[in-house]
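So the structure is just underneath, and the comments pick up after that.
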Amino acid sequence: MQTKRTLLSAAAFALLAATSAAWAQNQGKLKVGFMLPATGTFASLGTAIDNGFRLYVAEQGGKIAGREVEFVRVDDESDPSKATDNVNKLIKRDNVDVIVGTVHSGVAMAMAKAAKESGTLLIIPNAGAAAVTGPMCAPNIFRSSFSNWQPGYAMGEVATKKGHKRIVTITWKYAAGDEAVKGFKDGFEKGGGNVIKELSLPFPNVEFQALLTEIAALKPDAVFTFFAGGGAVKFVKDYSAAGLKKSIPLYGSGFLTDGTLEAQGADAADLLTTLHYGDNLNTKRDQSFRLSYAKTYKLQPDVYAVQGYDAGQILGIGLNATKGDAKNITGFAQAVRAAKIDSPRGPFILSKSHNPVQDIYLRKVVGKENVIEGIASKALADPGLGCKM
Ligand code: PHB
């Protein structure tokens, strides 16, 4: 009896050991779900974010908090109507430990809702939607980029200092465009400026001609705009071709000229924009980042690459504190909230609503670079209105 029992438990033990080894191996891998655009007007932005994030992981020897990193990727097409299905593929089908995405604000809002409901970690490496670090904020949702309001606000202050009084805005009609314009107005109108007309067209349309004709007729002191990716390339070229560049200064959130200069060529020359990154920071941190990015991808990094890299850094900080446990949201959030993130853009901290508090630079296009002229807004924090956690 005794022998039989010993035999049985030895067999049971062997089985248990084999199963738990397999389980550990499985659990051991950290599954990162990338939800990014691979097609459409923001496709190149998605690639840069992916590159930046992978560069951080490679620097860690392919592991975060001792767990080998495995990637799953979904093309969200920057289409809000497909966003809930897409994010649920990552959460429910692929069972990812963390979601990294996305570029488009409308898609990001659907992702934040799903992340909040499921408790899955979400790190947003671009989309600036106010809601995700406002009313939808949550302990498991972090942003490594900006809020749409931040660069807009900084440019509003710059426009005031330049003495402009009457400005027209033009953008895509969706959260990012609306919020960039809101930021601009907040910065510009407090100094006595007046936004005389807000022009827009649906995302991702690029038929700008009728709106450019309207701008010419309105004769404002200047124009403020938010466009990005392929749309920004076309807008800058069309603005110049319409003859407006000579007579009406064009200002923008820096996405207008980031990752786009190769395609915009001379039409972008001298444009002034505001953003949390630029091409000539000349800090040791940024130089080493740029060198290793260029070596790895044979490309110069842009703001999206930095945001992807910093999404990786945030994940690393949080998971190192929880010993790799992506379900320990309290421990993860505590560590990230206490951290100074050593970004190539310059160090930043996260606000209470988990949005970067950061310097916004004034940049000027010189050749193929966004050259920093100075800091437009120091340690600028998004108001984070409506965030309770
Ligand atoms: C956004 O939708 O929030 C968005 C998209 C592209 C950018 C910036 C913001 O470059």
Side-chain angles (χ1 to χ4, degrees), residues 23 25-40 42-57 60 62-65 67-129 131-133 136-145 175 304 307-319 322 324-329 332-333 336 354:
W23 181 85
Q25 212 169 27
N26 233 355
Q27 283 295 296
K29 282 201 175 167
L30 181 76
K31 232 178 179 184
V32 174
F34 273 145
M35 183 157 153
L36 292 167
T39 50
F42 291 157
S44 63
L45 288 58
T47 305
I49 290 168
D50 183 320
N51 286 348
F53 191 96
R54 285 178 201 261
L55 181 63
Y56 170 77
V57 174
Q60 312 309 306
K63 287 185 180 175
I64 296 184
R67 297 175 68 178
E68 201 179 309
V69 180
E70 178 188 334
F71 296 100
V72 189
R73 207 181 146 145
V74 168
D75 174 12
D76 67 38
E77 304 168 51
S78 297
D79 185 346
S81 75
K82 298 181 183 164
T84 302
D85 280 352
N86 280 330
V87 72
N88 280 330
K89 274 184 211 156
L90 294 174
I91 296 173
K92 295 181 180 153
R93 182 194 67 188
D94 300 325
N95 220 348
V96 299
D97 293 294
V98 54
I99 303 166
V100 176
T102 188
V103 171
H104 184 286
S105 274
V107 177
M109 285 190 264
M111 296 173 72
K113 184 165 183 287
K116 200 167 169 154
E117 283 166 8
S118 65
T120 314
L121 269 178
L122 168 64
I123 305 176
I124 301 171
N126 185 70
V132 303
T133 54
M136 303 174 81
C137 76
N140 58 317
I141 300 177
F142 301 85
R143 182 152 56 200
S144 65
S145 51
Y304 309 103
Q307 294 168 174
Y309 184 84
D310 290 340
Q313 295 210 77
I314 288 176
L315 186 64
I317 290 164
L319 288 183
T322 64
D325 182 0
K327 297 261 181 295
N328 179 359
I329 300 297
F332 187 101
V336 174
H354 296 176

Quick check: closest heavy atoms across Gly119 and Ile329, and the distance to 0.1 Å? O-CD1, 3.8 Å
Taking the side chain as every heavy atom from C-beta outward, state whether Val132 and Arg143 have any pair of such atoms under 4.5 Å apart. yes
Validation row: Thr47, Asn51 side chains within 4.5 angstrom (heavy atoms): yes
Please determine which of Leu121, Ile123, Val100, Val98 meets the side chain to side chain contact (heavy atoms under 4.5 Å, CB included) test together with Ile314. Ile123
Over all atoms of both residues, closest heavy-atom pair of Ala48 and Tyr304: CB-CB, 3.8 Å
Between Phe53 and Tyr309, does the ring centre distance come in under 6.0 Å? no
Polar side-chain atom of Lys116 near backbone of Cys137 as donor-acceptor pair, under 3.5 Å: yes
Do side-chain atoms of Asp325 reach the backbone of Lys327 as a donor and acceptor pair under 3.5 angstrom? yes
What is the distance from atom NZ of Lys113 to atom CD of Glu117, rounded to the nearest 0.5 Å? 4.0 Å
Do Val32 and Val96 make a side-chain contact, defined as non-hydrogen atoms from C-beta onward lying under 4.5 Å apart? no
Test side chain to side chain contact (heavy atoms under 4.5 Å, CB included) applied to Thr102 and Leu122, Leu45, Ile124, Leu36, the passing residue: Leu36
Less than 4.5 Å apart, any side-chain heavy atom of Phe71 and any of Val57? yes
Could you measure the distance from the CG atom of Leu30 to the CG atom of Leu319? Nearest 0.5 Å is fine. 6.0 Å
So, Gln313 and Asp310: side-chain donor and acceptor under 3.5 Å apart, yes or no? yes
side-chain contact (heavy atoms from CB on, under 4.5 Å) evaluation trace for Leu315 with Phe332: CA-CA 9 Å; Leu315 186 64; Phe332 187 101; 4.0 Å; yes
Looking at OG1 of Thr133 and NE2 of His354, how far apart are the two atoms once the value is rounded to the nearest 0.5 Å? 10.0 Å
Of all the heavy-atom pairs spanning Gly324 and Arg67, show the shortest one and how long it is. O-NH1, 2.6 Å
Should Ser78 and Pro37 count as side-chain neighbours, where that means a heavy-atom distance under 4.5 Å? yes
Check: Asp76 side chain, Lys82 main-chain N or O, donor-acceptor pair, under 3.5 Å: no
Rounded to the nearest 0.5 Å, how far does OG of Ser144 lie from CG of Asn126? 8.5 Å
What pair of heavy atoms forms the shortest contact from Ala110 to Thr84, and how long is it? CB-OG1, 3.8 Å
Say whether Asp75 and Thr39, considering side chains only, have a donor N or O and an acceptor N or O under 3.5 Å apart. yes
Could you tell me whether Asp50 and Arg54 make a salt bridge, using a distance below 4.0 angstrom between a side-chain N and a carboxylate O? yes
For the atom pair NZ (Lys89) and CE (Met35), what is the distance rounded to the nearest 0.5 Å? 9.0 Å
Please report the interatomic distance CZ(Phe34) to CG(Leu90), rounded to the nearest 0.5 Å. 11.0 Å
Do Lys29 and Asp97 meet the salt-bridge criterion of a basic N to acidic O distance under 4.0 Å? no
Closest heavy-atom pair, Ala83 versus Val107, reported as atoms and distance to 0.1 Å, is CB-CG1, 3.7 Å
Shortest non-hydrogen separation from Ala127 to Ala108 and the atoms involved: CB-CB, 3.5 Å
